[in-house]
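Data first, discussion second: the structure below is written as structure tokens.
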Amino acid sequence: VLDLPSDDDSAEQALKSIEKEQLKQALKQLKEKEKQIILYRIWDDLSYKEIAKILSKSEESLKTMFCRALKKLKANLQEEILALILFTIQ
């Protein structure tokens with residue numbers, strides 16, 4: 001018996017693909033240093049102390065930079081979602 005994906009599985013995979021693309025686009029809009037900080041902290045699961053050492057920054061300034069970069073990323077994602085909504089209703 002073939003195990004074919006249901007329509008729900010296909011829709012979920014399509015949604016994940018769209019979300020992944022939106023995240024890529026939102027990350028591209030960040031400055032390189034901001035992108036590095038986000039990737040180190042979230043994807044590589046490094047501590048602030050480890051990232052600060054890698055980037056030759058103080059831990060406190062790195063925390064501030066991370067917070068600002070995360071806010072920018074959130075705003076960029078909201079813009080991507082809004083653009084997608086506007087595109088689909090046209």
Side-chain angles (χ1 to χ4, degrees):
V1 176
L2 289 175
D3 188 21
L4 297 174
S6 69
D7 287 341
D8 289 342
D9 290 341
S10 297
E12 188 175 324
Q13 286 178 339
L15 183 58
K16 284 181 181 179
S17 178
I18 290 170
E19 289 170 348
K20 191 175 185 178
E21 187 57 35
Q22 288 172 334
L23 182 57
K24 282 182 185 178
Q25 292 303 317
L27 281 167
K28 283 182 182 179
Q29 295 176 38
L30 296 177
K31 294 177 183 174
E32 189 59 33
K33 191 72 75 179
E34 294 168 333
K35 189 179 348 179
Q36 281 181 317
I37 292 168
I38 296 234
L39 294 175
Y40 282 144
R41 183 74 180 126
I42 296 173
W43 275 269
D44 296 335
D45 199 27
L46 296 180
S47 69
Y48 290 113
K49 187 175 186 174
E50 292 169 314
I51 302 167
K53 186 174 181 178
I54 291 169
L55 299 178
S56 301
K57 302 282 183 189
S58 74
E59 197 171 337
E60 288 305 311
S61 69
L62 185 84
K63 286 179 182 179
T64 301
M65 292 169 71
F66 176 76
C67 186
R68 289 178 182 161
L70 207 51
K71 284 180 184 178
K72 277 184 167 180
L73 181 62
K74 183 179 176 184
N76 293 347
L77 279 169
Q78 288 174 343
E79 289 175 13
E80 287 292 321
I81 292 168
L82 179 59
L84 180 64
I85 291 169
L86 291 175
F87 177 76
T88 57
I89 61 173
Q90 290 181 357

Pairs flagged by salt bridge (Lys or Arg N to Asp or Glu O under 4.0 Å) wherever residues 56-73 is involved - sequence neighbours left out: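 Found Glu34-Lys72, Glu60-Lys63.
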Within residues 37-50 or reaching into it, pairs that qualify as salt bridge (Lys or Arg N to Asp or Glu O under 4.0 Å) - sequence neighbours excluded: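 Applying salt bridge (Lys or Arg N to Asp or Glu O under 4.0 Å) to every pair that reaches into residues 37-50, excluding sequence neighbours, yields nothing.
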The criterion is ring pair (Phe, Tyr, Trp, His ring centres under 6.0 Å); which residues satisfy it with Phe66, sequence neighbours excluded?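 Result, ring pair (Phe, Tyr, Trp, His ring centres under 6.0 Å) vs Phe66: Tyr48.
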[atom1]/[X] to [atom2]/[Y] distance, rounded to the nearest 0.5 angstrom?
X: Ile37; Y: Glu32; atom1: CD1; atom2: CD; result: 10.5 Å
X: Leu62; Y: Ser56; atom1: CG; atom2: OG; result: 11.0 Å
X: Leu46; Y: Tyr40; atom1: CG; atom2: OH; result: 7.5 Å

Listed by chain and number, what are the side chain to side chain donor-acceptor pair (under 3.5 Å) partners of Gln29, not counting sequence neighbours?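 If we apply the side chain to side chain donor-acceptor pair (under 3.5 Å) test to Gln29, skipping adjacent residues, the hits are Glu80.
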Non-neighbouring partners of Gln25 that pass side chain to side chain donor-acceptor pair (under 3.5 Å), sequence neighbours left out: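 Gln25 satisfies side chain to side chain donor-acceptor pair (under 3.5 Å) with Glu21 once adjacent residues are dropped.
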Contacts of Leu23 that satisfy side-chain contact (heavy atoms from CB on, under 4.5 Å) - sequence neighbours left out: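 If we apply the side-chain contact (heavy atoms from CB on, under 4.5 Å) test to Leu23, skipping adjacent residues, the hits are Leu27, Trp43, Leu73, Leu77.
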Where at least one partner belongs to residues 16-36, residue pairs that pass ring-ring contact (aromatic ring centres under 6.0 Å, His included), sequence neighbours excluded: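 As it turns out, there is no ring-ring contact (aromatic ring centres under 6.0 Å, His included) pair with a partner in residues 16-36 once direct neighbours are skipped.
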Taking salt bridge (Lys or Arg N to Asp or Glu O under 4.0 Å) as the test, write out the residues that go with Lys74, two or more places apart.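 Lys74 satisfies salt bridge (Lys or Arg N to Asp or Glu O under 4.0 Å) with no residue once adjacent residues are dropped.
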Report the C-alpha distance between Ser61 and Ser58 in whole Å, list the side-chain angles of each, state the deciding distance to 0.1 Å, and finish with yes or no for side chain to side chain donor-acceptor pair (under 3.5 Å). CA-CA 5 Å; Ser61 69; Ser58 74; 3.0 Å; yes
